[in-house]
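Each remark here refers to the structure printed beneath this line.
As the structure is a computational prediction, the values presented were derived from the model and not from experiment.
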Amino acid sequence: MGPCLQTWCGRCGFCLRRLEHGLRFICRATSASEFADPARYNHRVMHVDSHTLIVYSTIDGHTRKICQSVQRFLEDSGHQVVLMTVEEAIDRDCSGFSRIVIGASIRYGRHRPSLYDFIRKHRTTLGALPSAFFSVSGVARHADKARPAGNPYFQKFVDQAAWSPQLAAAFGGRIDYAQYRFMDRQMIRLIMWLTGGPTELDQPVEFTDWSAVDAFALQIKNLQK
């Protein structure tokens, strides 16, 4: 074995980071409770070829929550993950990642313009790397719309973006009238009434199938060009 470089971990203050022959053991401690409980305190082997970029476009935060679930799944599998908004990622060099995942929510039948800006700017990189995309919407609460092939918003996205991801999914979103602005609350409630969705103002409703999210994350883990 060659020489071993040891440094103090900046996250926990006392854990040693050890680098040997390209293998990096990174402390993932995130809270004081993990230090107190050795069973929760662990290290992961991070491989250079398992860097995943997850980029998201969200309006009310639920798409970020789905991305964070995918991030945890991949990190628990030994992948290194970078999570950022499309606005943060648009001017970054994304070519050094092993794969790119994009998650985007829909409001009034449309994805946000910044999503298309990101895709246009990084089209070459997206074409060269393994890529995945998922769309989040209220319409995906219906089983037949929870598949890309049956989701009209996904088909519209592919046509408008002129980009076909290698892997795709559609997930149901979340309705929370209390956090919407007045006009959004009235419009979304009208849409839900017309389509047989929830209209009660006092209780959030989540349509996301989290087992489907986990299955999608597993596909991302094994995604290759």
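Residues Met192 and Tyr177 form a side-chain contact, since some pair of their non-hydrogen atoms from C-beta on lies under 4.5 Å apart. Counting only heavy atoms from C-beta outward, the side chains of Val213 and Thr208 approach each other to under 4.5 Å. The closest side-chain heavy-atom distance from Leu74 to Ile220 is below 4.5 Å. At least one side-chain heavy atom of Leu126 sits under 4.5 Å from a side-chain heavy atom of Ile119. Considering only heavy atoms from C-beta on, Asn151 comes within 4.5 Å of Ser137 through its side chain. In this structure the side chain of Ile191 reaches within 4.5 angstrom of the side chain of Tyr108, judged on heavy atoms. Side-chain atoms of Leu115 and Phe133, non-hydrogen and from C-beta on, do get closer than 4.5 Å to each other. Between Val81 and Ile54 the shortest side-chain heavy-atom distance falls below 4.5 Å.
Under a hydrophobic clustering in which Ile, Leu, Val, Met, Phe, Trp and Tyr are joined whenever their side-chain heavy atoms come within less than 4.5 Å, directly or via other members, Val82 and Val86 fall into the same cluster. Follow the hydrophobic side-chain contacts under 4.5 Å out from Leu201 and you reach Ile175 in the same cluster. The hydrophobic cluster containing Val101 also contains Ile66, counting ILVMFWY residues as joined when their side-chain heavy atoms lie under 4.5 angstrom apart, directly or transitively. Cluster membership for Leu223 and Val55, using ILVMFWY side-chain heavy atoms within less than 4.5 angstrom, is not shared.
Not counting sequence neighbours, Phe154 has no partner by the ring-ring contact (aromatic ring centres under 6.0 Å, His included) test. Residues meeting the side-chain hydrogen bond (donor to acceptor under 3.5 Å, both in side chains) test with Ser135, sequence neighbours left out: His111.
Within a 6.0 Å radius of CZ in Arg123, other residues, nucleotides and ligands contribute more than 12 heavy atoms. In the displayed structure, Arg92 atom CZ is contacted under 6.0 Å by at most 12 heavy atoms of other residues, nucleotides or ligands.
Summarising the geometry of Ile102 relative to Phe118, their closest heavy-atom pair is CD1-CE2, 3.8 Å, with the distance given to 0.1 Å. The two atoms that bring Leu53 and Met84 nearest to each other are CD1-CG, 4.1 Å, heavy atoms only. The heavy-atom pair separating Ala89 from Cys94 by the smallest distance is O-SG, 4.1 Å. Nearest heavy-atom pair across Ser105 and Thr63 is CB-OG1, 3.1 Å. For Ile90 against His122, the heavy-atom pair with the smallest separation is O-NE2, 2.9 Å. In terms of heavy atoms, Leu129 sits closest to Ser98 at CD2-O, 4.2 Å.
Side chain of Gln68 to main chain of Leu83: no donor-acceptor pair is present (N/O by atom type, distance under 3.5 Å, no hydrogens or angles). Side chain of Glu75 to main chain of Arg72: no donor-acceptor pair is present (N/O by atom type, distance under 3.5 Å, no hydrogens or angles). Formation of a donor-acceptor pair under 3.5 Å by the Ser131 side chain with backbone atoms of Gly127 is not found in this model. Looking only at distances, a side-chain donor or acceptor of Asp209 sits under 3.5 Å from a matching main-chain atom of Ser211.
Here Arg112 contributes atom CZ and Ser57 contributes atom OG; the two are 4.5 Å apart, rounded to the nearest 0.5 Å. How far NZ of Lys221 is from CG of Asp214: 13.0 Å, rounded to the nearest 0.5 Å.
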Mind listing the side-chain donor-acceptor pairs of residues 156-174 below 3.5 Å, one per line with the distance, residues two or more places apart or on another chain?
from: Lys156; atom 1: NZ; to: Gly109; atom 2: O; distance (Å): 3.4
from: Gln166; atom 1: NE2; to: Gln224; atom 2: O; distance (Å): 2.4
from: Arg174; atom 1: NH1; to: Asp176; atom 2: OD2; distance (Å): 3.3

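A perpendicular orientation is assigned to the rings of Trp210 and His62, their planes being inclined by more than 60° (bins at 30° and 60°).
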### Query
Could you walk me through whether Thr52 and Gln80 pass the side chain to side chain contact (heavy atoms under 4.5 Å, CB included) check?
CA-CA 6 Å; Thr52 301; Gln80 185 173 356; over 6 Å; no
### Query
Between Met187 and Asp184, does a side chain to side chain contact (heavy atoms under 4.5 Å, CB included) hold up when you go through it step by step?
CA-CA 5 Å; Met187 289 296 297; Asp184 287 331; 5.5 Å; no
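One finds no salt bridge joining Arg141 and Glu206 here, because no Lys/Arg side-chain nitrogen approaches an Asp/Glu carboxylate oxygen to under 4.0 Å.
Side-chain contact annotation: Arg189 with Thr199, donor-acceptor N/O pair under 3.5 Å absent.
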